[in-house]
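The structure displayed is predicted, hence computed values, not measured ones.
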Amino acid sequence: MSGDLVHVSESTFDEVVINANGPVLVDYWAEWCGPCKMIDPILHELASEYGDKLTIAKVNIDENPQVANRFKIRGIPTLMIFQDGEHQGTKVGAMTKSALKEFVEATI
């Protein structure tokens, strides 16, 4: 899975994110969201750089509203980090690559 983003749904969220071995960065996004499209290439770069040390999962909130409601997503993109099934941190809005790396490094 290294270098790839994992698209998760309501049925696969717990398996991929909550039950993961190691940290997972979850990107809550939507097709119509401009800032979401801006950070997508950065997420791909981070997936390549971190490899197996970090899983990056994407949740389309329009297709998976129950997951969005479960974590009270109000603005997108919302980025959350989970470690061993526990929520570790949240950032809302597009970020630069360096800011996103700082968030990941500070949290995992």
Check: Q66 and F13 side chains under 4.5 Å, non-hydrogen atoms: no

Quiz: residues 96-106 side-chain donor-acceptor pairs under 3.5 angstrom, not counting sequence neighbours:
unit_1, atom_1, unit_2, atom_2, d
T96, OG1, S98, OG, 3.2
T96, OG1, A99, N, 3.1
K97, NZ, E45, OE1, 2.9
K97, NZ, E49, OE2, 2.4
K101, NZ, E49, OE1, 2.9
E105, OE2, Y50, OH, 2.6

Mind checking the CG-CD spacing from N60 to E10? Nearest 0.5 Å is all I need. 10.5 Å

Treat each ILVMFWY residue as a node, draw an edge where side-chain heavy atoms are under 4.5 Å apart, and state whether I42 and I81 are in one component. yes

Considering all heavy atoms, the nearest V92-T78 contact: CG2-OG1, 3.8 Å

Are L43 and L5 close enough, and set up right, to give a side chain to side chain contact (heavy atoms under 4.5 Å, CB included), and what steps lead you there? CA-CA 8 Å; L43 294 173; L5 304 183; 4.2 Å; yes

Donor-acceptor pairs are to be reported for all side-chain atoms of residues 17-30 against protein atoms at under 3.5 Å, with residues two or more places apart or in another chain.
unit_1, atom_1, unit_2, atom_2, d
N19, ND2, D14, O, 3.4
D27, OD2, K58, NZ, 2.7

Working to the nearest 0.5 Å, report the span between OG1 of T107 and CD of Q88. 7.5 Å

Mind checking the CD1-OG spacing from I56 to S48? Nearest 0.5 Å is all I need. 8.5 Å

To the nearest 0.5 Å, tell me how far L46 CG sits from K53 NZ. 11.5 Å

Using side-chain heavy atoms (C-beta onward) and a distance below 4.5 Å, is I73 in contact with I76? yes

Measuring from F71:CZ to H87:NE2, what's the distance to the nearest 0.5 Å? 8.0 Å

Show me the side-chain donor-acceptor pairs of residues 31-38 shorter than 3.5 Å, one per line, residues at least two apart or across chains.
unit_1, atom_1, unit_2, atom_2, d
W32, NE1, D62, OD2, 2.7
K37, NZ, E31, O, 3.2

